[in-house]
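Basis for what follows: all heavy atoms, side chains included, without hydrogens, waters or symmetry-related copies. The model shown is predicted, which means the values in this text are computed figures rather than measured ones.
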Amino acid sequence: MSRAFNFCAGPATLPEAVLKQARDEMLDWRGTGMSVMEMSHRSDEFVAIADAAEKDLRELAGISDDYAVLFMQGGASSQFSTIPLNLLGSKGSADYVNTGIWSGKAIAEAKRYGDVNIAASSDESGFTTIPDQADWNTNADAAYLHYTTNETIGGLEFDFIPDTGDVPLVADMSSDMLSRPVDISKYGLIYAGAQKNIGPSGLVVVIIRKDLLGKARKETPTMMNYQVIADNGSMYNTPATYSWYLAGLVFKWLKEQGGVKAMGEMNARKARKLYDFIDTNDFYANPIARRFRSWMNVPFTLADDALNSEFLRGADARGLLNLQGHRSVGGMRASIYNAMPEAGVDALIKYMAEFAKERG
Ligand SMILES: *Cc1c(COP(=O)(O)O)cnc(C)c1O
C-alpha cells in the first residue's frame, strides 16, 4: 500500500523520510542493539539524541540563550493551566485574546487560577477576523498576554505579532510552530503541542525566557513547575523519549529542507493555491478575512451540505484522507502542515475541481 495524503489536523502527517528513518532504526539504534524506546533516558545515547534535538530546534527557530527549551508532556492543553500557575505571580491577572476554540479553552482554564481580562475577541465577527490591535483593551499591569497564533479549528491565523511593551507575550503556537520565520525575541513564552508540525502527540515543546522561570505559585505541581523542568533538563521524571527522538528527526528533516524560511515560502504557496481555487470556484467557500487566513488549516464548505459525505467518500477513494471539518464547525478542513507536500495540495485541488464540475 502506498502512502495517502493525510489532511488530518492532528495527529497529522509526518515527513515520509522521517518515518522511514524511524523504521530503519527501530530495532537497533546505530549499533546499540536497542530501540530508542528501550533506552534509559539517562544513557549517553539518549542524552545525545535529546541534546541534538534541542540544538537543532534552537538553530531552526533562532532561539537565543536567553531562553530555556523544555520538552514536556500532557500536550498543549496541560499548558493552559501550567502557564497561569507559573506566570500569574502576585499580579493575579492576565490578558487573553479570544480568536476561537483553542484560545477559549486557554481562557476557561486560566479563570480557575486568577482574573482574566479579555483584551480582544473575534466573537463579534463569528471568529472570521482579528480586531486591530489599536482597539484592544489591554491591562498595562497584566502578568502576561496570551494569544493563539493559529486557530487550528477555525482556520484563523495572526499575520502580526502583538506589541505588549513590557508585558510578557505568551503564544500557543501548536499548529504553526516552525511553519514560517518568527522573531522569538518578541515572546516571553511559546508552547506547541507536537502533533501538528513537530512529531507525535503528548509531547509539548515550551520555549520560555529565563527571567520568567522561578515564579510558580507554591501549590504548583512539581511536574508543572517550569523552573524544576528547566533545572532537570526536562528529565525530572522520565520524559517522552521516543516522541523527543522523533521530534529530533523532524527538526533534522526541516534543516535539510532549508529551514523555516524555505518552509514559509512553500507553505505560503500551498495556501495561496488552495484559497485561490476556493475563491474562484462558486461551489466552495471559506469565510475568513483574507489577511488572517491560516496557512496551515484551510476550512471550506461545499455549496450543498448534503453532498458532504459523497465528497468525503470520493476523497478517501483517491487517498485524500481526513478532510472532514471539526465536529464543532462542520464542512471540510484541509490541514496542510510542513510535512504535506505540494503534490498533496495539487491532488486535492484537482479532486475538488472535478467534484464541483460533476455535482455543482
Ligand atoms: C491541537 C491544539 C491544542 C491542543 O493540543 P493537545 O496536545 O491535544 O492538548 C491546543 N492549541 C492549539 C492551537 C492546537 O492546535
Side-chain angles (χ1 to χ4, degrees), residues 3-10 12-19 59-62 128-130 149-161 173-184 192 195-199 250-301 315 318-323 325 331-356:
R3 276 174 59 78
F5 291 118
N6 178 9
F7 294 92
C8 191
T13 190
L14 284 162
E16 189 170 322
V18 164
L19 295 176
E59 216 176 286
L60 273 171
T128 57
T129 190
I130 295 170
T149 50
N150 180 54
E151 285 285 355
T152 319
I153 294 170
L156 184 67
E157 186 172 26
F158 274 78
D159 72 343
F160 66 95
I161 298 179
M173 287 196 192
S174 293
S175 52
D176 61 355
M177 181 85 195
L178 300 173
S179 66
R180 58 170 102 179
V182 167
D183 182 356
I184 303 287
Q195 72 272 28
K196 285 39 184 276
N197 240 350
I198 294 177
V250 171
F251 300 150
K252 282 250 179 322
W253 176 82
L254 280 170
K255 283 172 69 179
E256 284 161 19
Q257 308 306 302
V260 290
K261 188 164 175 291
M263 276 296 133
E265 285 160 9
M266 184 187 75
N267 288 326
R269 203 164 57 234
K270 289 187 308 193
R272 197 180 317 117
K273 264 187 190 178
L274 187 47
Y275 287 116
D276 278 354
F277 171 76
I278 290 169
D279 288 343
T280 51
N281 191 303
D282 291 343
F283 189 72
Y284 300 101
N286 168 284
I288 305 298
R290 280 173 199 237
R291 195 183 140 188
F292 299 117
R293 281 173 162 179
S294 169
W295 290 8
M296 298 281 101
N297 311 96
V298 182
F300 60 92
T301 50
R318 290 164 180 243
L320 306 170
L321 306 184
N322 291 313
L323 285 162
M332 305 297 151
R333 172 176 48 168
S335 294
I336 51 175
Y337 300 117
N338 284 342
M340 173 57 65
E342 201 162 340
V345 174
D346 292 339
L348 174 62
I349 291 172
K350 183 163 178 279
Y351 170 62
M352 288 169 71
E354 286 170 18
F355 189 86

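Rounding to the nearest 0.5 angstrom, the gap separating the OG1 atom in Thr129 from the CG atom in Leu156 is 7.0 Å. Residue Cys8 holds its SG atom at 9.5 Å from CD of Gln195, rounded to the nearest 0.5 Å. Rounded to the nearest 0.5 Å, atoms CZ (Phe251) and CD (Glu256) are 14.0 Å apart.
Using modelled atom types, one side-chain atom of Arg333 and one backbone atom of Thr152 make a donor-acceptor pair closer than 3.5 Å. Asn322 contributes no side-chain N or O that, together with a main-chain N or O of Asn6, makes up a donor-acceptor pair within less than 3.5 Å. Listed for the Arg293 side chain is a donor-acceptor partner under 3.5 Å among the backbone atoms of Ile288. Counting only distance, with no hydrogens or angles, the side chain of Ser175 and the backbone of Asn150 share a donor-acceptor pair below 3.5 Å. At distances below 3.5 Å, at least one donor-acceptor pair connects side-chain atoms of Glu157 with backbone N or O atoms of Trp295.
Closest approach of Ala4 and Gly319 over heavy atoms only: CB-O, 3.4 Å. Contact detail for Ser179 and Asn197: the closest heavy-atom pair is CB-ND2, 3.7 Å. The minimum heavy-atom distance between Val345 and Lys270, with the atom names listed, is CG1-O, 3.8 Å. Between Val260 and Leu178, the shortest heavy-atom distance links the atoms CG1-O, 3.5 Å. Smallest separation of non-hydrogen atoms from Ala9 and Ser335: CA-OG, 3.2 Å. Considering every non-hydrogen atom in both Trp253 and Ala17, the closest pair reads CD1-CB, 4.1 Å.
When side chains are defined from C-beta on, Arg290 counts as touching Asp279, because their heavy atoms get closer than 4.5 Å. Two residues are said to be in side-chain contact when any heavy atoms from C-beta on lie closer than 4.5 Å; Leu254 and Met263 meet this criterion. The side-chain heavy atoms of Val250 and Ile198, taken from C-beta on, include no pair separated by under 4.5 Å. Contact check for Lys273 versus Glu342: side-chain heavy atoms found under the 4.5 Å cut-off. Put simply, the side chain of Thr13 reaches to within 4.5 Å of the side chain of Arg3, judged on heavy atoms. Here the side chains of Tyr275 and Phe300 are not in contact, with every heavy-atom distance at 4.5 Å or above. Here the side chains of Met177 and Thr149 are not in contact, with every heavy-atom distance at 4.5 Å or above. The shortest side-chain heavy-atom distance between Met332 and Phe7 does not fall under the 4.5 Å cut-off.
Salt bridge absent: Asp176 and Lys196 never bring a charged side-chain N and a carboxylate O closer than 4.0 Å. A salt bridge links Glu265 with Lys261: the distance from a Lys NZ or Arg NE/NH1/NH2 to an Asp or Glu carboxylate oxygen falls below 4.0 Å.
Heavy atoms from other residues, nucleotides or ligands lying under 6.0 Å from NZ of Lys255 number more than 12.
For Lys350, the salt bridge (charged side-chain N to carboxylate O under 4.0 Å, His left out) partners two or more places apart in sequence, or in a different chain, are Glu354. Shown here are the salt bridge (charged side-chain N to carboxylate O under 4.0 Å, His left out) partners of Asp159, two or more places apart in sequence or in another chain: Arg291. Partners of Asp282 under the salt bridge (charged side-chain N to carboxylate O under 4.0 Å, His left out) rule, at least two apart in sequence or in another chain, do not exist in this structure.
Looking at Arg180 and Asn267, their side chains never bring a donor and an acceptor atom within 3.5 Å of each other. Between Tyr337 and Asn297, the side chains place a donor N or O and an acceptor N or O closer than 3.5 Å (distance only, hydrogens not considered).
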> Run the side chain to side chain contact (heavy atoms under 4.5 Å, CB included) check on Leu348 and Ile336 step by step: do they pass?
Replying inline: CA-CA 11 Å; Leu348 174 62; Ile336 51 175; 5.7 Å; no
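Ring geometry for Phe277 against Tyr284 counts as tilted: the plane angle lies between 30° and 60°, on a 0 to 90° scale.
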